[in-house]
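I have placed the structure first, in the form of structure tokens, so that the comments after it can refer back to it.
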Amino acid sequence: NGDLDDTFQILAELEQSGFARALPRVVSVARLELARVRLLQGKYDDAREELMRAANDNVADIIEAHHYPANDLQYHELASIRLELHTGDVDSALGRLEDQVTKAMNQRRFRRVLKLNVLKAIALHKKGNVQKAFSLFNEVLKTGSTEGYYRLILDEGAALKPLLSAFNNLVSEGKTKPDPAFSRYIKVLLAGLGADDPGANPELETGNIVEPLTPKEIQVLGFVAEGL
């Protein structure tokens, strides 16, 4: 895949640029994004290795002390929790998510809270706590629909598909007709995941939204990580 090759090349260049310019936070951002891409590929050992390479206590302290946009959704603790969800350690992930949501709320990092709640809803659904998962996911999607968040949700890839498909069925079969804009939003998310939806409108097909960041997006990520 040419796009994937470009992604790996740009991430490698971003990492090297971070080293050359003594910007460890840039190096960390590049490695964390690479770990996420490896997870989407199902290469869990490679993802774990990239997370180990991305670990840097000094960078973690800096990120916690400052509200850098590039690290709002891209930081080591979140990436580590995501790996646990993919590899089946759901109990550990849930415990850590509770702590992270509380901390993010106290820091008023509301976009981070939304991202963490996406992961938490996935974890609850995996545990079979369907009612709590749907309740939390409904709040996430209501906010996402209003604010226009797509990548924030779809970046979780295949791990999201069972929850989103089940939630769509619940909405479709509900006695109360949902808001049309909310229904459309869910269908666009389903299309982005490539999930089956018998009632989907072909005009809503958006292509493969769940893909690695484009080279230009990665370059922008690098600029943001540098504080530009």
**OP:** Return the minimal non-hydrogen interatomic distance between R109 and I63, and the atom names on each side.
**Re:** NH2-O, 3.2 Å
Original post:
To which residues is L39 joined in a hydrophobic cluster, defined by side-chain heavy-atom contacts under 4.5 Å among Ile, Leu, Val, Met, Phe, Trp and Tyr, whether direct or through other members?
Top reply: L32, Y44, L51, L83
Subject >> D57: salt bridge (Lys or Arg N to Asp or Glu O under 4.0 Å) partners, not counting sequence neighbours >> reply: none
Subject >> Heavy-atom side-chain proximity of R111 to K115 below 4.5 angstrom >> reply: no
**OP:** Flag the pair L14 / E33 as yes when at least one side-chain heavy-atom distance between them is below 4.5 Å, and no otherwise.
**Re:** no
Original post:
Going from CG on L97 to CG on L85, what distance comes out if it is rounded to the nearest 0.5 angstrom?
Top reply: 6.5 Å
Subject >> Non-hydrogen atoms of E84 and S92 that approach each other most closely >> reply: OE2-OG, 2.9 Å
Subject >> Y185 side chain reached by D179 side chain, heavy atoms, under 4.5 Å >> reply: no
Original post:
Is the charged tip of R38 near the ring of F8: under 6.0 Å from the six-membered ring centre and within 45° of its axis?
Top reply: yes
Subject >> Side chain proximity check, N138 to V171, heavy atoms < 4.5 angstrom >> reply: no
Subject >> Euclidean distance, D45 CG relative to T87 OG1, rounded to 0.5 Å >> reply: 10.0 Å
**OP:** Considering non-hydrogen atoms only, spot the tightest contact between H125 and A166 and give its length.
**Re:** NE2-CB, 3.9 Å
Subject >> With sequence neighbours excluded, residues passing salt bridge (Lys or Arg N to Asp or Glu O under 4.0 Å) with E98 >> reply: K120
Subject >> In one Ile/Leu/Val/Met/Phe/Trp/Tyr side-chain cluster, 4.5 Å: M52, L34 >> reply: no
**OP:** Would you indicate whether the side-chain heavy atoms of V140 and Y149 approach each other to under 4.5 Å?
**Re:** no
Original post:
Are E15 and R53 within salt-bridge range, i.e. N to O under 4.0 Å?
Top reply: yes
Original post:
What heavy-atom pair brings A133 and A121 nearest, and what distance separates the two atoms?
Top reply: CB-O, 3.6 Å
Original post:
Would you say N168 and L189 make side-chain contact, with heavy atoms under 4.5 Å?
Top reply: no
Subject >> Pairwise distance OG(S172) to NZ(K187) - rounded to 0.5 angstrom >> reply: 5.0 Å
Original post:
What salt bridge (charged side-chain N to carboxylate O under 4.0 Å, His left out) pairs are there with at least one residue in residues 122-147, not counting sequence neighbours?
Top reply: D91-K127
Original post:
How about R21 and V26: do any of their side-chain heavy atoms sit closer than 4.5 Å?
Top reply: no
Subject >> side chain to side chain contact (heavy atoms under 4.5 Å, CB included) between L141 and I153, intermediate numbers included >> reply: CA-CA 9 Å; L141 294 184; I153 294 170; 3.8 Å; yes
Original post:
Is there a salt bridge (Lys or Arg N to Asp or Glu O under 4.0 Å) between R112 and E64 once you walk through the steps?
Top reply: CA-CA 12 Å; R112 179 178 288 187; E64 284 306 302; 3.5 Å; yes
Subject >> Electrostatic pair R96-D99, nearest N-O below 4.0 angstrom >> reply: no
Subject >> Shared-cluster residues of F19, by chain and number - hydrophobic side chains joined below 4.5 Å >> reply: V27
**OP:** Decide yes or no for N56 and S28: does some side-chain heavy atom of the first lie under 4.5 Å from some side-chain heavy atom of the second?
**Re:** no
Subject >> Atom pair CD1 (I10) and CG (D5), whose distance is rounded to the nearest 0.5 Å >> reply: 11.5 Å
**OP:** Taking all heavy atoms of A104 and all of L116, pick out the closest pair and write down the distance.
**Re:** CB-CD1, 4.1 Å
**OP:** From the options L119, L40, L164, select the one residue that forms a side-chain contact (heavy atoms from CB on, under 4.5 Å) with E156.
**Re:** L119
Original post:
Hey, what do you get for CD (Q74) to CZ (R25), rounding to the nearest 0.5 Å?
Top reply: 11.5 Å
**OP:** Quick one: pull up CZ in R82 and CZ in R36 and give me the separation to the nearest 0.5 Å.
**Re:** 6.5 Å
**OP:** Please report the shortest heavy-atom distance between A47 and A35, naming the atom on each side.
**Re:** CB-O, 3.5 Å
Subject >> Listed partners of F167 passing ring-ring contact (aromatic ring centres under 6.0 Å, His included), at least two apart >> reply: F134, F137
